[in-house]
Amino acid sequence: MTRIPLIAGNWKMHKTAREGVEAVTALKPLVAAVEGVDIVVCPPFTALADVGRALAGSNIELGAQDMHWEPQGAYTGEISGPMLWDLGCTYVIVGHSERRRYFRETDDDVGRKAVAAFAHELLPIICVGETLGERDAGRTEEVIARQLRWGTAGLDPAVGDRLVVAYEPVWAIGTGRAATGAEANRVSGLIRGWLAERFGEGAQQTRMLYGGSVTPENIGEFITQPEIDGALVGGASLDPPAFAAIVGAAAGGG
Ligand code: PGA
């Protein structure tokens, strides 16, 4: 069974609800004819309801950028899995490096969120990746292995085939300095190997995304790699024609 490519747009803290609806209204016709690619947009929480309505009947799915691990409770400012599910989300990003860095999310938090995502019928996109300092110190493999071990610690071994892992080197995010396809492929292969120890055969179906300065110009370099099944796109996902071009490249295999 071949893995279905996945292109996910992470809008981060961009676009009001109205701007989000405008963006997906522009995006829908640009990707309407695309088949064989799972397309996801992840707007801010405040735009999920309106963007979800605007996506109804389209081939674009709705995702969130984060979630809390508890279904409800006294957690001021937080959003739970059932709340996201209720709005029609099918995916949720967990452990993005900006969450880890600015909001002190730990590897353990990420693992709890991943478990909660599956518990509420959301597919987690678990983000891992090393900083420049860690890379320069030769610690890339060690850091990613640790993030992955904790990030998947509580998961049922049967979910490996539905899991999505995004390899996002922190130094490549928002910097215009993408990793090379060969290097991203190498790390993705390592990740799949580690996942196989935990999830067995299911790891062959885990989708591995690359993230970090993906553009219409460089997506081909990543999507053609054997271990890479798609991309988590930040900046370029804010522009519907650019995001559509990335989706189109994934549909064409690069
Ligand atoms: P970028 O962001 O494409 O703007 O580098 C990627 C991400 O943070 O997911």
Side-chain angles (χ1 to χ4, degrees), residues 5-15 19-20 23 27 37-45 47-48 60-67 89 91-105 110 113-114 117 122-132 134-135 140 143-144 147-148 151 163-181 183-185 187-188 191 207-223 225 228-250 254:
L6 168 62
I7 301 292
N10 172 13
W11 291 2
K12 308 193 180 183
M13 196 171 73
H14 294 283
K15 298 191 192 293
E19 290 165 346
L27 179 65
V37 178
D38 288 346
I39 311 167
V40 183
V41 293
C42 304
F45 292 129
L48 284 172
I60 306 169
E61 293 178 82
L62 189 66
Q65 299 175 15
D66 186 28
M67 65 180 283
C89 289
Y91 288 85
V92 59
I93 299 169
V94 298
H96 191 279
S97 62
E98 289 152 13
R99 301 285 328 160
R100 295 177 189 260
R101 177 172 171 203
Y102 300 123
F103 305 100
R104 302 206 165 76
E105 261 187 38
V110 177
K113 290 179 180 195
L122 300 164
L123 293 178
I125 300 175
I126 302 177
C127 300
V128 299
E130 80 286 1
T131 63
L132 190 57
E134 289 162 344
R135 168 156 289 256
T140 299
V143 167
I144 294 170
Q147 291 173 339
L148 208 60
L163 201 59
V164 182
V165 175
Y167 170 52
E168 300 206 307
V170 177
W171 46 270
I173 295 177
T175 58
R177 184 185 158 199
T180 64
E183 175 60 4
N185 188 64
V187 176
S188 298
I191 292 172
R207 286 181 294 179
M208 289 292 320
L209 311 184
Y210 167 75
S213 297
V214 171
T215 63
E217 290 72 38
N218 67 18
I219 180 66
E221 179 175 346
F222 298 103
I223 202 71
Q225 302 289 338
I228 299 178
D229 310 304
L232 182 53
V233 185
S237 74
L238 297 173
D239 178 47
F243 190 63
I246 292 169
V247 168

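These figures come from a predicted structure and were not determined experimentally. Both counts, for ligands and for their atoms, begin at 1 and track the order of listing. Basis for what follows: all heavy atoms, side chains included, without hydrogens, waters or symmetry-related copies.
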Task: Test side-chain hydrogen bond (donor to acceptor under 3.5 Å, both in side chains) applied to E183 and T180, step by step - done: CA-CA 5 Å; E183 175 60 4; T180 64; 5.6 Å; no
If we ignore hydrogens and angles and just use 3.5 Å, is the side chain of [X] paired with the main-chain N or O of [Y] as donor and acceptor?
| X | Y | value |
| --- | --- | --- |
| N10 | P43 | no |
| E221 | G181 | yes |
| N218 | T215 | yes |
| E134 | T140 | no |

Numbered atoms and elements of ligand 1 in range of [X], under 4.0 angstrom, heavy atoms:
| X | value |
| --- | --- |
| H96 | 7 (C), 8 (O), 9 (O) |
| N10 | 9 (O) |
| G174 | 1 (P), 4 (O), 5 (O) |
| G235 | 1 (P), 3 (O), 4 (O) |
| G212 | 5 (O) |

Task: Note: E130-R135 ion pair, threshold 4.0 Å (strictly below) - done: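 Here E130 pairs with R135 in a salt bridge, since their nearest N and O are under 4.0 Å apart.
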Task: Interatomic distance, R104 atom CZ to R99 atom CZ [nearest 0.5 angstrom] - done: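 Answer rounded to 0.5 Å: 12.0 Å.
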Task: From NZ (K113) to CD (E105), nearest 0.5 Å - done: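 Going from the NZ atom of K113 to the CD atom of E105 covers 3.0 Å.
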Purely on distance, is any nitrogen or oxygen of [X] under 3.5 Å from one on ligand 1?
| X | result |
| --- | --- |
| E168 | yes |
| E98 | no |
| G211 | no |

- [ ] Answer with yes or no whether S213 contacts ligand 1, where contact means a heavy atom under 4.0 Å from a ligand atom.
- [x]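 A heavy atom of S213 does come that close to ligand 1.
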Task: Region of I173 engaging ligand 1 - heavy atom pairs below 4.0 Å - done: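 It is both backbone and side chain that touch ligand 1.
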Open item on the list: Can you report which non-hydrogen protein atom sits closest to atom 6 (C) of ligand 1, along with the distance?
Closed with: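 Protein heavy atom with the smallest distance to atom 6 (C) of ligand 1: G234 N, 3.5 Å.
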